[in-house]
There are 2 protein chains.
Amino acid sequence: MARKTGSHSDITGPRIRDAALKLFAQQGYAAVSMRKIAAEVGVQAGALYLYTPDKQSLLFELMDGHMTDLLAAWEAEPKGDTPIAQLEAFTRFHIRYHIDRPEAVFIAYMELRNLTPKNFAIIEAHRRRYEEALENILNAGQEEGAFRLPDTRLVTMAVIAMLTGVNTWYREGGRLSRQRVERIYWRLVQRMVKG
Amino acid sequence: MARKTGSHSDITGPRIRDAALKLFAQQGYAAVSMRKIAAEVGVQAGALYLYTPDKQSLLFELMDGHMTDLLAAWEAEPKGDTPIAQLEAFTRFHIRYHIDRPEAVFIAYMELRNLTPKNFAIIEAHRRRYEEALENILNAGQEEGAFRLPDTRLVTMAVIAMLTGVNTWYREGGRLSRQRVERIYWRLVQRMVKG
DNA sequence: ATCGTATCTGAACGCCCGTTCAATTCAATC
DNA sequence: GATTGAATTGAACGGGCGTTCAGATACGAT
């Protein structure tokens, strides 16, 4: 047998990326073989190489796609014009966006060490740009006196770590709704920045 | 050749654990082979099995040891008697302890999925106990009116995520000293809990 | 000097890895 | 209904994996 009825390039391609996303998140890049990914798609391992040059590219494209989408989504987000409004927008956006993509987020944070140095540098640049979006808001608020921060760079890292931490405990249908989680975290962030 | 001069069980054992800690943190459990660990120690792969029953036990003992030490160190920490004093003690302790053991901390957070279900349950119980140490402080402060928290469980997770995040950016000899990092984070935590 | 034993080697076991590629199958076109 | 070309198989490549174990080695006790 060779290819099955109705299988086409534009269907198999995305299915491979979906399978890789799921399996990398579940078991980790190093523990997932090309054969496992192929099995999840329902195809032989060799077929994967029609859609990706190698395993590393599969990982990189998942991470690069995630970061690119994240940055684009933040650009497109309505922000308001005061630092306090922008900080609220960032806080709520970050939680909402990350809570909806637990697998991509998990991979983006856990598999950095499995990237080649070149690919790592590209992902790091993306991350840096995203962190700077927050840092710029904090700096603006600091300058105009809306915030009183001990150290904007440190507060940037503290806020992002705190917000991203939601993904470690949030479960769909749990005690708190997304809305409620968003609101509570926003209150905490407010307290952190208000002198 | 067989064993080298001066090699003894009580030397090789710890060296194996040290090598495993270093390599697991650097490359991840799945990517590190028993042969790599053995090479780091300067020994053949077979020799490892005089000191550990298998690779999984090597990982588990590192994680279990780390969590046990962490809990014991917190027990032994001078705490003060008010919730606010205890919260300061916890905040400073957490940062100090974690900043000094980046490899063990990294493994404890990243390699959970590579534990067998039984071992995972044990590590999770440890983590839960540690989280409860903080949650109890927050609850006590909430009840006696020292803190005004939107949700103690959520604030517990937020604070721990924020504090542990230090390990992602802190570098020895960087812009901020440990002392300064401790102090700034304590100010942020204070703001978060004070209504 | 010899022995006993703790320590370690080196080879082997069956298995899985990422990747390549000739051969095959199927859908669309003529 | 034959031809074409994209999609896929299945086998193969060299290599690394965790683990076992008989045999070699060197130290401490006698």
Side-chain angles (χ1 to χ4, degrees), chain A residues 1-24 26-63 107 111 113-119, chain B residues 1-21 23-24 26-63 107 111 113-116 118-119:
Chain A
M1 294 130 261
R3 101 180 199 233
K4 308 233 179 91
T5 311
S7 295
H8 294 313
S9 178
D10 45 348
I11 291 178
T12 308
R15 288 189 61 207
I16 289 173
R17 259 162 270 147
D18 290 351
L21 181 77
K22 174 181 161 185
L23 294 177
F24 287 165
Q26 242 165 48
Q27 314 177 26
Y29 176 76
V32 173
S33 66
M34 293 301 264
R35 284 169 177 83
K36 281 187 194 167
I37 297 171
E40 177 81 16
V41 176
V43 106
Q44 293 299 315
L48 302 185
Y49 291 85
L50 294 167
Y51 303 95
T52 184
D54 49 34
K55 194 186 173 191
Q56 168 70 203
S57 303
L58 214 39
L59 174 62
F60 172 69
E61 269 154 36
L62 288 175
M63 295 178 69
I107 291 172
E111 303 296 354
R113 63 180 160 198
N114 287 308
L115 292 170
T116 60
K118 254 176 210 166
N119 287 342
Chain B
M1 295 129 256
R3 100 182 200 233
K4 310 233 180 91
T5 312
S7 294
H8 296 311
S9 179
D10 45 348
I11 291 179
T12 308
R15 288 189 61 205
I16 290 173
R17 260 163 269 145
D18 290 352
L21 181 77
L23 293 176
F24 286 165
Q26 241 166 49
Q27 315 178 25
Y29 176 76
V32 173
S33 67
M34 293 301 265
R35 283 175 239 272
K36 280 187 196 168
I37 297 171
E40 177 80 18
V41 176
V43 107
Q44 293 299 313
L48 302 184
Y49 290 86
L50 294 168
Y51 303 95
T52 184
D54 48 34
K55 193 186 173 191
Q56 168 70 205
S57 303
L58 214 41
L59 175 62
F60 172 70
E61 270 153 35
L62 288 176
M63 294 178 70
I107 291 173
E111 302 296 352
R113 63 181 160 196
N114 287 308
L115 291 170
T116 61
K118 255 178 209 166
N119 287 342

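Quick note on labels: first sequence line is chain A, next is B, and so on, each numbered from 1.
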| said: Rounded to whole Å, please give me the gap between CG in B:Leu50 and P in D:dG18. | reply: 17 Å

| remark: Here the gap from A:Ile107 atom CD1 to A:Leu21 atom CG, rounded to the nearest 0.5 Å, amounts to 4.5 Å

| query | Are any of B:Arg35's side-chain N or O atoms less than 4.0 Å away from OP1 or OP2 of D:dC17? | reply | yes

| task | Would you please confirm or rule out a distance under 4.0 Å between OP1 or OP2 of D:dC17 and any side-chain N or O of B:Ser33? | result | yes

| field | Nucleotide D:dT19, atom C1' - distance to CG of B:Asp54 in whole Å | value | 9 Å

| Is any side-chain heavy atom of B:Ile16 closer than 4.5 Å to a side-chain heavy atom of B:Glu40? | no

| request: Rounded to the nearest angstrom, tell me the gap between atom CD in A:Gln44 and atom C1' in C:dG18. | output: 15 Å

| When all nucleic acid strands are considered with a 4.0 Å heavy-atom cut-off, which category describes B:Val41: base, sugar-phosphate, or nothing? | nothing

| task | Calculate the interatomic distance between A:Lys36 atom NZ and C:dC16 atom C1'; express it in whole Å. | result | 10 Å

| request: Give the rounded distance in Å between these two atoms: CE of B:Met34 and P of D:dT20. | output: 10 Å

| query | Atom CG of A:Leu48 and atom P of C:dC21: how far apart are they, to the nearest Å? | reply | 16 Å

| query | Are A:Tyr49 and C:dC21 close enough that a side-chain N or O sits under 4.0 Å from OP1 or OP2? | reply | no

| Close side-chain approach of A:Val41 and A:Asp18, heavy atoms under 4.5 Å | no

| message | Side chain of A:Val43, heavy atoms from C-beta onward: which of D:dT9, D:dC17, D:dT19 has the nearest atom to it? | response | D:dT9

| query | How many Å lie between CD1 on B:Ile37 and C1' on C:dC8, as a whole number? | reply | 17 Å

| said: Quick check on C:dC8: is either OP1 or OP2 less than 4.0 Å from any side-chain nitrogen or oxygen of B:Thr12? | reply: yes

| Can you tell me how far C1' of C:dA6 sits from CD1 of B:Ile11, to the nearest Å? | 14 Å

| query | Any side-chain heavy-atom pair from A:Met34 and A:Tyr49 closer than 4.5 angstrom? | reply | yes

| query | Do A:Tyr29 and A:Leu58 touch side chain to side chain, with heavy atoms closer than 4.5 Å? | reply | no

